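By convention in this document, chain letters (A, B, ...) are assigned in the order of the sequence lines, proteins followed by strands, and residues within each chain are numbered from 1. Given the structure is predicted, the values throughout are model-derived calculations rather than measurements.
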Protein chains: 2
Amino acid sequence: MLDPVARVRRFNRAVTSAVGALDTSFLGRGRPLGAARVLNAIGHGRSDVAEIRDYLGLDSGLTSRLLRSLEDEGLVETTVHENDARRRVVRLTRAGRREFAAYEALSNTQADGFLDRHAQREALLAAMDLVASALTLDRIALNEMDPRSDEARYCLGEYYAELGRRFKQGFDVSLSRDPDAKDMRRPRGTFVVAISDTLPIGCVGLKGTDHGYAEIKRLWVAPAARGLRLGRRLMDAAENAARELGIALLRLDTNSALAEAGQLYRRSGWSEIPRFNDDPYPDLFFEKRL
Amino acid sequence: MLDPVARVRRFNRAVTSAVGALDTSFLGRGRPLGAARVLNAIGHGRSDVAEIRDYLGLDSGLTSRLLRSLEDEGLVETTVHENDARRRVVRLTRAGRREFAAYEALSNTQADGFLDRHAQREALLAAMDLVASALTLDRIALNEMDPRSDEARYCLGEYYAELGRRFKQGFDVSLSRDPDAKDMRRPRGTFVVAISDTLPIGCVGLKGTDHGYAEIKRLWVAPAARGLRLGRRLMDAAENAARELGIALLRLDTNSALAEAGQLYRRSGWSEIPRFNDDPYPDLFFEKRL
DNA sequence: CATGATGCCTGACTTTAGTCAGGTATGTGT
DNA sequence: ACACATACCTGACTAAAGTCAGGCATCATG
């Protein structure tokens with residue numbers, strides 16, 4: 001009766017009919033869907049015509065016409081690109097910003113109303129996060145970012161909080177060997193953040209040392225994105241960066257309380273080695289030759 | 001950074017762009033979406049023209065034209081309704097059933113492929129179930145059904161399994177006072193199943209007795225549908241049925257391990273009373289005067 | 001059995017989305 | 001300077017979806 005395929009299909013149907021309703025946020029302001037989508041793409045920071053086209057998957061001619069109709073409404077204005085006069089840059093006018101804000105308000109009200117109708121918001125949100133991550137799996141971007149960026153700091157904060165919950169003795173960053181940000185920037189190392197549609201959902205650090213190896217640090221995947229093999233992808237990204245930087249040997253430390261991490265390392269070519277530092281938290285040590 | 005509204009909107013975006021891809025099952029057979037939707041509505045058992053129209057939200061003229069095009073393809077045939085010659089009844093021809101089966105196969109393959117791309121299928125499916133239930137909340141049907149029906153038995157099976165997990169001593173139906181099916185059928189009582197798009201996601205029994213009261217039994221809500229206030233709706237349905245049957249007093253027993261159930265009863269006008277039976281499992285007893 | 005309501009149909013029309021073939025201006029490499 | 005590529009645009013077209021006003025047969029009701 002509860003065939004997995006039936007469950008997926010039920011989800012599809014539920015979502016298809018709900019999306020019709022959710023998408024009324026793009027209607028209801030007397031403008032066809034296409035034009036509204038373009039306006040919103042611009043509002044969300046897409047400025048080059050080609051960028052808008054790619055994002056929305058539109059034909060060049062159609063994009064052009066939709067831009068013209070927004071121009072006629074006085075919502076956008078087009079200028080030539082400063083370095084390349086073939087390209088055009090589109091910006092919202094004051095009226096355009098107002099109209100975009102109205103769409104945003106509609107969307108927010110709608111999302112808010114949806115949340116209000118349900119108890120146990122957090123459980124529902126977590127489920128939505130997981131599904132959204134799964135659906136956009138092949139569009140999750142792994143970006144090298146500064147370890148001091150907002151996105152990186154958010155991930156690290158979640159990572160520390162999780163260690164605090166999972167270690168019997170809790171976790172205090174200041175007792176651990178907190179790597180210097182500059183060790184996790186090129187050319188000494190790097191820091192990779194997984195971003196799914198603007199939300200950071202995972203990270204990993206590659207920390208350069210002066211001992212002939214680099215270390216993998218702070219591998220974290222948001223609970224709502226687990227089971228999507230993102231940990232593996234982050235590790236691959238870190239290893240590739242290490243190869244580019246000419247690093248031949250990687251080490252890492254972890255704790256046996258983080259069983260899924262240990263499994264991941266063993267399965268992807270790491271071998272256990274004796275303790276190589278005096279950090280109080282780890283009790284498992286690995287190394288991998290590239 | 002992780003505003004709930006932003007998370008809902010991310011979900012909406014993920015789903016809007018994925019649904020196009022997920023639902024390509026309705027394309028790819030050389031037939032416009034509208035006609036494919038009508039064919040599938042008929043395949044799923046909708047036979048009256050008005051029913052099809054309402055289900056798909058189509059204009060009368062458009063529906064008619066789409067039906068005509070399916071007829072021209074030889075996929076459906078139309079007859080007059082036996083009790084009302086103004087109405088038409090649409091049926092799939094042999095070719096229509098073949099074509100419908102092809103759509104079904106496509107959908108199934110697609111859903112299957114989606115599942116294959118992900119580890120931790122069960123977690124993902126559970127999340128999809130929860131979201132689907134939340135989205136279709138106002139379309140969850142509470143149907144009075146025979147307690148021996150497939151749907152009821154599925155719910156009861158899940159209910160017993162859950163008791164087994166949650167009671168320290170486990171749960172064995174045969175030790176409990178398993179109500180006779182006929183006590184949970186009108187006119188002595190009833191059995192209500194919550195159905196969301198064909199999937200049973202909750203149930204409750206109203207069991208008639210000869211002692212001047214009726215009992216509420218087997219209140220269960222699928223884990224993937226909790227937090228949607230479905231328990232409350234099921235209880236309301238059972239109480240309404242009791243009123244219709246002229247029952248003035250309700251009783252129920254439960255176990256303190258089921259904390260959320262106890263809460264629900266207290267919040268909806270039930271008061272605790274002394275033990276009124278010798279069932280070994282319950283340790284909490286309630287009653288409510290209608 | 002006349003009257004009005006109901007259920008479905010057809011024809012005539014509009015809007016939206018999308019495709020395709022050029023066209024013009026600008027940039028790049030030799 | 002030249003050929004060729006690139007970026008965007010316009011015009012001409014099509015397909016699909018949807019709207020609206022009647023039309024016809026049938027049903028319910030006094």
Side-chain angles (χ1 to χ4, degrees), chain A residues 16-17 19-21 23-42 46-73 75-91, chain B residues 16-17 19-21 23-42 46-73 75-91:
Chain A
T16 313
S17 60
V19 156
D23 247 16
T24 50
S25 61
F26 269 29
L27 280 77
R29 293 194 64 76
R31 193 171 290 108
L33 184 61
R37 293 212 305 152
V38 170
L39 181 69
N40 278 277
I42 300 167
R46 263 152 273 257
S47 57
D48 272 36
V49 172
E51 207 183 346
I52 296 167
R53 212 162 48 206
D54 288 356
Y55 176 63
L56 299 175
L58 299 176
D59 169 87
S60 151
L62 183 52
T63 311
S64 193
R65 242 179 295 274
L66 291 172
L67 284 171
R68 237 35 70 221
S69 86
L70 290 173
E71 239 169 25
D72 292 348
E73 283 194 84
L75 302 178
V76 307
E77 52 194 16
T78 311
T79 52
V80 286
H81 192 279
E82 51 180 329
N83 303 326
D84 182 345
R86 292 169 304 179
R87 293 158 68 187
R88 299 286 148 93
V89 177
V90 190
R91 263 209 332 262
Chain B
T16 314
S17 59
V19 156
D23 244 16
T24 48
S25 56
F26 270 28
L27 279 79
R29 293 194 64 78
R31 191 171 292 109
L33 184 61
R37 294 212 306 153
V38 171
L39 181 69
N40 278 277
I42 300 167
R46 261 153 274 258
S47 56
D48 273 36
V49 172
E51 205 184 350
I52 296 168
R53 212 161 49 206
D54 289 356
Y55 176 63
L56 299 175
L58 299 176
D59 169 88
S60 150
L62 183 52
T63 311
S64 192
R65 242 179 295 273
L66 292 172
L67 283 171
R68 236 36 67 222
S69 87
L70 290 173
E71 238 168 27
D72 292 350
E73 283 193 84
L75 302 178
V76 306
E77 53 193 15
T78 311
T79 51
V80 286
H81 191 278
E82 47 180 331
N83 303 325
D84 182 345
R86 291 169 303 180
R87 294 158 67 187
R88 299 286 148 94
V89 177
V90 190
R91 264 210 330 263

Give the rounded distance in Å between these two atoms: CZ of R88(B) and P of dT6(C).
-> 18 Å
Listed by chain and number, what are the side chain to side chain contact (heavy atoms under 4.5 Å, CB included) partners of T63(B), not counting sequence neighbours?
-> V49(B), I52(B), R53(B), L58(B), L67(B)
If you measure from CG on L75(B) to CD1 on I42(B), what distance do you get to the nearest 0.5 Å?
-> 9.0 Å
Atom pairs, protein N/O to nucleotides 27-30 of chain C N/O, distance under 3.5 Å:
from: dG27(C); atom 1: OP1; to: A85(A); atom 2: N; distance (Å): 2.8
from: dG27(C); atom 1: O4'; to: R86(A); atom 2: NE; distance (Å): 3.4

Please enumerate all protein N or O atoms sitting under 3.5 Å from an N or O of nucleotides 1-3 of chain C, with distances to 0.1 Å.
none

Whole angstrom is fine here: how far is it from NE2 in H81(B) over to P in dC8(C)?
-> 9 Å
Closest contact, heavy atoms only, A41(A) versus L56(A) | CB-CD1, 4.2 Å
Let me know the distance between CG of D48(B) and P of dC8(C), rounded to the nearest Å.
-> 7 Å
Summarise protein proximity over nucleotides 11-23 of chain C in one line of letters, 5' to 3': B for base, S for sugar-phosphate only, - for none, counting protein heavy atoms closer than 4.0 Å.
-> BB---SSBB----
Which nucleotide, dC8(D), dC9(C), dC8(C), lies nearest any side-chain atom of A50(B)?
-> dC8(C)
Any R87(A) side-chain N or O less than 4.0 Å from OP1/OP2 of dC8(D) = no
E51(B): salt bridge (charged side-chain N to carboxylate O under 4.0 Å, His left out) partners, not counting sequence neighbours | none
Can you pull the salt bridge (charged side-chain N to carboxylate O under 4.0 Å, His left out) pairs that have at least one residue in residues 59-72 of chain B, sequence neighbours excluded?
-> R68(B)-E71(B)
Please test R88(B) against V80(B) for side-chain contact (heavy atoms from CB on, under 4.5 Å), starting from the C-alpha separation and ending with a verdict.
-> CA-CA 4 Å; R88(B) 299 286 148 94; V80(B) 286; 3.8 Å; yes
Grab the CG-P distance between D72(B) and dC9(C) for me, whole Å please.
-> 13 Å
Kindly write out the residues that satisfy side-chain hydrogen bond (donor to acceptor under 3.5 Å, both in side chains) with R31(B), not counting sequence neighbours, or none if the list is empty.
-> E73(B), E99(B), Y103(B)
Rounded off to whole Å, could you give me the CG-to-C1' distance for the D54(B) and dT6(C) pair?
-> 14 Å
Sequence neighbours excluded, the answer for side-chain hydrogen bond (donor to acceptor under 3.5 Å, both in side chains) partners of D48(B) is R87(B)
Inter-axis angle, terminal five-pair segments of the helix from dC1(C)-dG30(D) to dT30(C)-dA1(D) [nearest 10°] | 20°
Set of residues satisfying side-chain hydrogen bond (donor to acceptor under 3.5 Å, both in side chains) with respect to D84(B), sequence neighbours excluded | R86(B)
